[in-house]
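Shown next, in structure tokens, is the structure this report addresses.
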Amino acid sequence: MSNNKTNGGTPLLELHDASKFFGNIVALKSVSLRLYPGEVVCLLGDNGAGKSTLIKIFAGVHQQSEGGFLVEGEDVIFDSPRDALDHGIATVYQDLAMIPLMSISRNFFLGSEPKIGFGPFKRFDHNFANRVVREELMKMGIDIRDPAQPVGTLSGGERQSVAIARAVYFGAKALILDEPTAALGVKQAGTVLRYIAQARKRNLGVVFITHNPHHAYPVGDRFTILKRGRQLGTWTKAELSREEMITMMSGGEELEKLSDEIEEYGV
Amino acid sequence: MTATTTTTDERLVERSLLTQLLNRPELGSVAGAIAVWIFFAVMAGRSFLSLGGTATYLEVAAELGILAVPVALLMIGGEFDLSVGSMIGAAGMTLTILAAHFGWPLWLAILAALGLSLIVGYLNGWLVVRTGLPSFIITLGSLFIIRGATIAITRLLTGRTQLGDVDEAAGFALAKAVFASDIAIAGVQFPISILWWVLVVAVGSYILLQTEFGNWVFGVGGSKVAARMVGVPVDRVKITLFMSTAAAAWLIAVIQAVNFTGSDTLRGELREFHAIIAVVIGGTLLTGGYGSVIGAAIGALIFGMVKQGIVLAGVDADWFQVFLGGMLLVAVLINNFIRQKAAETRR
């Protein structure tokens with residue numbers, strides 16, 4: 001079990017002994033996590049493991065009830081998602097990444113519109129927006145035909161990829177990806193995994209949340225497994241085989257019990 | 001298009017000119033306007049085709065079109081405003097009472113009416129963002145509150161529900177020139193309200209398509225939560241939109257009050273629905289996030305052509321509402337079809 005990566009330097013994000021309570025419900029208990037530039041940390045766990053609560057702390061939606069949260073070595077408390085963004089932490093949510101009826105470039109720059117002109121006559125710089133969108137997506141290896149086409153015409157994997165490209169363009173140092181592959185088919189998920197690897201190559205830190213070990217294992221450098229709000233541990237890829245990971249995530253005994261039960265029904 | 005791979009070119013072919021056209025929200029309304037124009041050109045002939053006939057339907061279109069522009073923006077932003085019709089009555093009566101009953105200079109009365117409209121618009125928007133209730137319900141409430149208050153206060157102050165003599169207020173001549181004069185083109189008088197309409201459409205369309213605020217309108221209507229997540233001031237956008245619909249109601253009220261030199265407490269009734277019809281015919285989605293100001297203008301144009309065309313064609317004007325409702329249904333079906341086609345461009 002290695003919570004420390006001998007990477008040198010300060011981690012991008014560091015959570016130590018963080019807990020989150022909602023009333024008398026313990027959503028997270030004593031979770032510690034570090035994210036360095038240029039690595040992918042996979043956050044694994046079944047439903048109800050506390051993954052969402054954890055990313056909402058990173059994203060500035062929630063604040064931890066106990067423990068510390070450091071960004072590049074400095075203690076922070078985020079009041080809003082905007083706060084997190086200003087610290088270079090971009091969160092891409094599974095279903096909120098893009099607005100389907102808007103064009104790709106309008107989506108890309110929503111909330112941070114590029115402008116041209118003077119004073120009250122400043123207008124949205126469509127040429128700039130379209131050019132940047134095409135270039136940025138090209139860097140991620142996505143070749144779009146027309147930045148003015150509605151996002152709704154993109155596939156699910158492409159939408160996630162555009163959202164990731166947007167986060168990278170707006171200076172994100174750390175990417176928090178909330179189940180980006182959950183609703184996708186095998187091939188689409190592959191597309192997104194490739195962009196995660198791309199982002200790592202560009203020296204971003206990525207927290208990749210998933211409940212699918214087959215998606216996590218190929219891109220992850222380190223793996224943190226959560227279960228019922230607690231941290232089972234953090235392992236490097238060398239320390240953990242895919243099979244061990246699966247067993248640990250779901251709780252091996254429970255799975256065996258389940259297969260026994262199913263056998264009883266005589267399937 | 002910077003082609004990087006050979007596949008780029010191949011895939012470009014798929015996106016034909018037709019699908020590009022189909023992606024324009026106003027396409028259906030343009031086709032509809034042409035069809036309606038041809039229909040009445042045949043049915044009514046010269047009386048519809050003449051400059052004089054054109055002026056009459058453009059005037060009807062203008063007085064709806066001014067309202068339809070901000071209503072379109074608001075609906076793209078994901079909200080309804082059912083109170084705009086009542087607001088026309090309230091703004092008109094406010095300036096008439098102030099100018100004719102209390103003897104205010106007309107321009108001061110006009111400004112006071114604008115102030116009232118902006119306050120009402122702000123309150124509508126504030127209630128919607130604060131309560132989180134559907135704007136349909138909130139503004140249905142204000143529809144009745146505003147209309148009722150207009151009638152009650154007018155009767156309380158003047159003992160009547162109709163009031164004239166606006167032309168005796170100071171500054172009427174200038175107001176008449178700005179809001180209710182005619183411009184002669186080839187011997188035919190075109191009311192200046194048509195110019196106001198064109199201006200409002202130009203400004204509205206520019207704001208929607210070419211400004212940061214326009215992008216926010218699309219975003220807020222498309223997904224409030226997603227827009228807020230990327231830093232769009234969602235509440236401010238919505239409140240501003242409600243203020244703009246009220247301001248448009250004020251402009252129409254001023255044009256009418258000056259033109260008729262007086263107001264009626266019932267003026268503007270059903271206008272909220274006519275505006276929504278024009279906007280929907282123009283290709284704007286009822287659920288928000290998609291639509292067009294130009295389309296709303298064309299929707300208003302269709303409204304004007306049908307309303308006047310029926311009279312000019314010698315058909316009983318009672319049939320107008322039947323026609324209007326039918327057109328709304330057809331427009332919604334066509335728009336649905338077009339949007340599905342547009343979404344199919346890829347898969």
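Computed from a predicted model, the values in this text were never measured in an experiment. Protein chains get the first letters and strands the later ones, always in sequence-line order, with residue 1 at the start of each.
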So which heavy atom on [X] is nearest to which on [Y], and how close?
X	Y	value
B:G288	A:L101	O-CD1, 3.8 Å
A:Y93	B:M229	CE1-CE, 3.8 Å
A:R123	B:Q210	CB-O, 2.9 Å

- prompt: What residues form a side chain to side chain donor-acceptor pair (under 3.5 Å) with A:R194, not counting sequence neighbours?
  reply: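 Side chain to side chain donor-acceptor pair (under 3.5 Å) list for A:R194, sorted by chain: empty.
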task: Return the set of residues passing side chain to side chain donor-acceptor pair (under 3.5 Å) with A:K122 (not counting sequence neighbours), or none when no residue passes.
output: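 Partners of A:K122 by the side chain to side chain donor-acceptor pair (under 3.5 Å) criterion come out as none, since no residue qualifies.
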Any chance [atom1] of [X] has more than 12 other-residue heavy atoms, nucleotides or ligands included, within less than 6.0 Å?
X	atom1	answer
B:W107	CH2	yes
B:K224	NZ	no
A:I77	CD1	no
B:F136	CZ	no
A:R202	CZ	yes
A:F121	CZ	no

Within-4.5 Å side-chain heavy-atom neighbours: A:R106 and B:L209: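 SC-SC contact between A:R106 and B:L209 confirmed.
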- request: Let me see the working for B:T211 and A:E113 under side-chain contact (heavy atoms from CB on, under 4.5 Å), right down to the final yes or no.
  value: CA-CA 9 Å; B:T211 68; A:E113 287 79 2; over 6 Å; no
A:F170 portion near chain B, given a 4.5 angstrom heavy-atom threshold: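 Contact with chain B is absent: no heavy atom of A:F170 under 4.5 Å.
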field: Part of A:L110 within contact of chain B (heavy atom distance under 4.5 Å)
entry: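 For A:L110, heavy atoms of backbone and side chain both lie under 4.5 Å from chain B.
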Chain A interface, residue from B:G219, B:G221, B:G222 that has the most non-hydrogen pairs under 4.5 Å: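 Maximum pair count with chain A is reached by B:G219.
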task: Measure distances from B:Y206 to the heavy atoms of chain A and classify the residue's part below 4.5 Å as side chain, backbone, both or neither.
output: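 Only the side chain of B:Y206 comes within 4.5 Å of chain A.
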- request: Could you walk me through whether B:Y290 and A:M102 pass the side-chain contact (heavy atoms from CB on, under 4.5 Å) test, one step at a time?
  value: CA-CA 8 Å; B:Y290 184 86; A:M102 286 173 84; over 6 Å; no
task: Look up atom CG in B:N215 and atom OG in A:S103, then write down how far apart they are to the nearest 0.5 Å.
output: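 B:N215 CG to A:S103 OG: 7.5 Å, rounded to 0.5 Å.
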field: Atom pair OG (A:S112) and CD (B:E212), whose distance is rounded to the nearest 0.5 Å
entry: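 A:S112 atom OG to B:E212 atom CD measures 9.0 Å (nearest 0.5 Å).
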